[in-house]
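To start, the structure itself, in structure tokens.
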Amino acid sequence: MIHVGPSVSRKCCFELREWIIPESHPRRESLLEREKLVEGMCDGVVVPQGLIAHGRGECFDYLLGETSIPPALEAERAAAAMFHLAKHPVISVNGNVAVLAAREVVELSEATGALIEVNLFYRTRERAKAIADLLYAHGARQVLGVDDATARIPGLDSMRGLVSPNGIYKADYVLLGIEDGDRTEALVRIGKTVAAIDLNPLSRTSLAASIPIVDHIKRALTNIKRYYESMSREEASRVINSFNPRKVIADTLLYIRNRLETLARQLMYDYR
Ligand code: ATP
């Protein structure tokens, strides 16, 4: 049992992690990821609600087999293609994304030339700065959305709607992850192409996104970069012209159904 409660100091978080999760633990990676998020909360990067969102994601990742399934790869190829075609692409980063995949965000930004912007549901300047600092520590050269979030996305109330006029406000293409449905819907409504990384194929985000990517944030960003680097502009146009977001969601649901059916049959076979 891992106990990291509010009475445990940040230093203790690290000690407990090393001490309690042995190298041989079959779910070590997953548990380390949880610990990173708890640390992120101690550092003011992640909010408690982010931990709940992560748990929901983990559940869907189990159903997918913790791998990038074929419909996800198809969507990741389309997300990569959009980086070739967009004039002003932006990668939107929140606390969970920064903690789980800061390195992958920076590498994708470097490869594609996309800007990075901190964009938060629960926004405070301190939190935005802490996220930007984490990205800088991983090699980011510029992070928008800390002191320059002065423009507003219509349809998002109060602090939630604030974005940088030189980033998301101006963007024709936004790649985001682990995000709530309101923001995705609002960005699509004002005409942006939105690629959304979300392990839940039935979330409002996945259903509203122009390019729904049902995959873990880290795997998805790595795959998008790989596809981007091996694709020409002509190929990118072909990929986007034949991409259908509804089919990707439908294929994902069918994949999960088939996988569960196979697993159930195996269990019944072993039982006999
Ligand atoms: P919506 O508002 O879109 O219906 P929601 O209420 O679930 O969705 P949030 O609570 O903000 O929105 O959750 C964010 C989403 O991120 C969840 O659907 C969850 O499955 C997903 N998620 C969590 N962790 C990861 C991860 N590591 N990689 C990708 N997606 C993740």
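Since this is a predicted model, take the numbers as computed values, not measurements. Heavy-atom basis, side chains included; hydrogens, waters and symmetry copies ignored.
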| What residues, two or more places apart in sequence or in another chain, satisfy salt bridge (Lys or Arg N to Asp or Glu O under 4.0 Å) together with Lys129? | Asp133
| request: Could you tell me whether the side chain of Val214 reaches within less than 4.5 Å of the side chain of Ile69, counting heavy atoms only? | output: no
| field | Single-linkage hydrophobic cluster Val163~Leu156, side-chain heavy atoms < 4.5 angstrom | value | yes
| request: Working to the nearest 0.5 Å, report the span between CG of Leu267 and CZ of Arg265. | output: 12.0 Å
| query | Do Asp172 and Thr193 have side chains that get closer than 4.5 Å, going by heavy atoms? | reply | no
| message | Looking at every non-hydrogen atom in both residues, tell me the closest pair between Arg183 and Asn119 and how far apart they are. | response | NH1-OD1, 2.7 Å
| query | Do Val248 and Phe243 pass the side chain to side chain contact (heavy atoms under 4.5 Å, CB included) test, and can you show the C-alpha distance, the side-chain angles, and the key distance before you say yes or no? | reply | CA-CA 9 Å; Val248 160; Phe243 184 76; 3.5 Å; yes
| remark: For Val174 and Ser92, the nearest pair of non-hydrogen atoms, with its separation, is CG1-CB, 4.0 Å
| request: Flag the pair Leu175 / Ile224 as yes when at least one side-chain heavy-atom distance between them is below 4.5 Å, and no otherwise. | output: yes
| query | Just by modelled atom types, is the Val105 backbone N or O under 3.5 Å from a matching donor or acceptor in the Ser109 side chain? | reply | no
| Listed by chain and number, what are the side chain to side chain contact (heavy atoms under 4.5 Å, CB included) partners of Glu23, not counting sequence neighbours? | Arg28
| message | If I compare all heavy atoms of Gly145 with all of Ala128, which pair ends up nearest, and what's the gap? | response | O-CB, 4.1 Å
| Would you say Pro212 and Asp198 make side-chain contact, with heavy atoms under 4.5 Å? | no
| request: Sequence neighbours left out, what passes side chain to side chain donor-acceptor pair (under 3.5 Å) with Arg226? Give chain and number order. | output: Asn223
| message | Filter on salt bridge (charged side-chain N to carboxylate O under 4.0 Å, His left out), then keep only pairs touching residues 50-60, sequence neighbours left out; what's left? | response | Arg34-Glu58
| From Leu73 atom CG to Ile213 atom CD1, the distance as rounded to the nearest 0.5 Å | 10.5 Å
| remark: The residue among Ile197, Asn200, Leu100, Thr205 that forms side-chain contact (heavy atoms from CB on, under 4.5 Å) with Ile178 is Leu100
| request: Report the residues that fulfil salt bridge (Lys or Arg N to Asp or Glu O under 4.0 Å) with Asp180, sequence neighbours left out, ordered by chain and then residue number. | output: Arg160
| task | Check whether any side-chain N or O of Tyr136 sits under 3.5 Å from a backbone N or O of Val143 as a donor-acceptor pair, and report yes or no. | result | yes
| field | Residue pairs fulfilling salt bridge (charged side-chain N to carboxylate O under 4.0 Å, His left out) with at least one residue in residues 59-72, sequence neighbours excluded | value | Arg27-Glu66, Asp61-Arg219
| Is Ile249 linked to Phe60 within one hydrophobic cluster, defined over Ile, Leu, Val, Met, Phe, Trp and Tyr using a side-chain heavy-atom separation of less than 4.5 Å? | yes
| Going by heavy atoms in the side chains, are Arg257 and Leu253 under 4.5 Å from each other? | no
| Given side chains that start at C-beta, do those of Ile131 and Asn94 come closer than 4.5 Å, heavy atoms only? | no
| Do the side chains of Leu202 and Leu199 join up, straight or via other hydrophobic residues, at under 4.5 Å, putting them in one cluster? | yes
| request: Return each pair, listed once, that meets salt bridge (charged side-chain N to carboxylate O under 4.0 Å, His left out) where at least one residue sits in residues 140-149; pairs must be two or more places apart or across chains. | output: Glu110-Arg141, Arg125-Asp147
| In the hydrophobic clustering that connects Ile, Leu, Val, Met, Phe, Trp and Tyr at side-chain heavy-atom distances below 4.5 Å, which members other than Met159 occupy its cluster, ordered by chain and number? | Leu162
| Once you round to the nearest 0.5 Å, how far does CG of Asp215 lie from CD of Glu76? | 4.5 Å
| remark: Applying side chain to side chain donor-acceptor pair (under 3.5 Å) to Ser206 and not counting sequence neighbours gives Ser203
| message | Testing the basics here: between Ile217 and Gly177, what is the closest heavy-atom pair and its distance to 0.1 Å? | response | CD1-CA, 4.0 Å
| said: Suppose we screen for side chain to side chain contact (heavy atoms under 4.5 Å, CB included). Which residues come up paired with Ile52, at least two apart in sequence or across chains? | reply: none
Ignoring hydrogens and angles, write down the donor-acceptor pairs under 3.5 Å from the side chains of residues 82-91, residues two or more places apart or on other chains.
{"residue": "His84", "atom": "NE2", "partner": "Tyr228", "partner atom": "O", "Å": "3.0"}
{"residue": "His84", "atom": "NE2", "partner": "Met231", "partner atom": "O", "Å": "3.1"}
{"residue": "His88", "atom": "NE2", "partner": "Asn166", "partner atom": "O", "Å": "2.9"}

| remark: Separation between NZ (Lys192) and NZ (Lys170), nearest 0.5 Å, reads 10.5 Å
| request: Not counting sequence neighbours, list each pair that qualifies as a salt bridge (charged side-chain N to carboxylate O under 4.0 Å, His left out) and has a residue in residues 91-106. | output: Arg103-Glu107
| field | Heavy-atom pair with the smallest gap, counting every atom of Leu63 and Arg259 | value | O-NH1, 2.9 Å
| field | Audit row: Glu234, Arg238, salt bridge (charged side-chain N to carboxylate O under 4.0 Å, His left out) steps and yes/no | value | CA-CA 7 Å; Glu234 296 68 49; Arg238 279 199 300 278; over 6 Å; no
| Nearest-0.5 Å distance that lies between atom CG in Asp157 and atom CZ in Arg152 | 8.0 Å
| Counting only N and O atoms by type, is there a donor-acceptor contact under 3.5 Å from the side chain of Tyr227 to the main-chain atoms of Glu74? | no
| Would you find a donor on one side and an acceptor on the other, under 3.5 Å apart, between the side chain of Glu117 and the backbone of Ser164? | yes
| query | Between Asn96 and Gly50, which heavy-atom pair has the shortest distance, and what is it? | reply | ND2-O, 2.9 Å
| task | Give the C-alpha distance, both sets of side-chain angles, the deciding distance and a yes or no for side chain to side chain contact (heavy atoms under 4.5 Å, CB included) between Thr184 and Arg204. | result | CA-CA 8 Å; Thr184 311; Arg204 287 180 306 143; over 6 Å; no
| said: With a 4.5 Å cut-off on side-chain heavy-atom distances among I, L, V, M, F, W and Y, is there a chain of contacts connecting Leu115 to Val93? | reply: no
| said: Are the side chains of Val47 and Arg127 in contact, using a 4.5 Å heavy-atom criterion? | reply: yes
| query | Is Leu176 linked to Ile153 within one hydrophobic cluster, defined over Ile, Leu, Val, Met, Phe, Trp and Tyr using a side-chain heavy-atom separation of less than 4.5 Å? | reply | yes
| request: To the nearest 0.5 Å, tell me how far Glu179 CD sits from Leu120 CG. | output: 8.5 Å
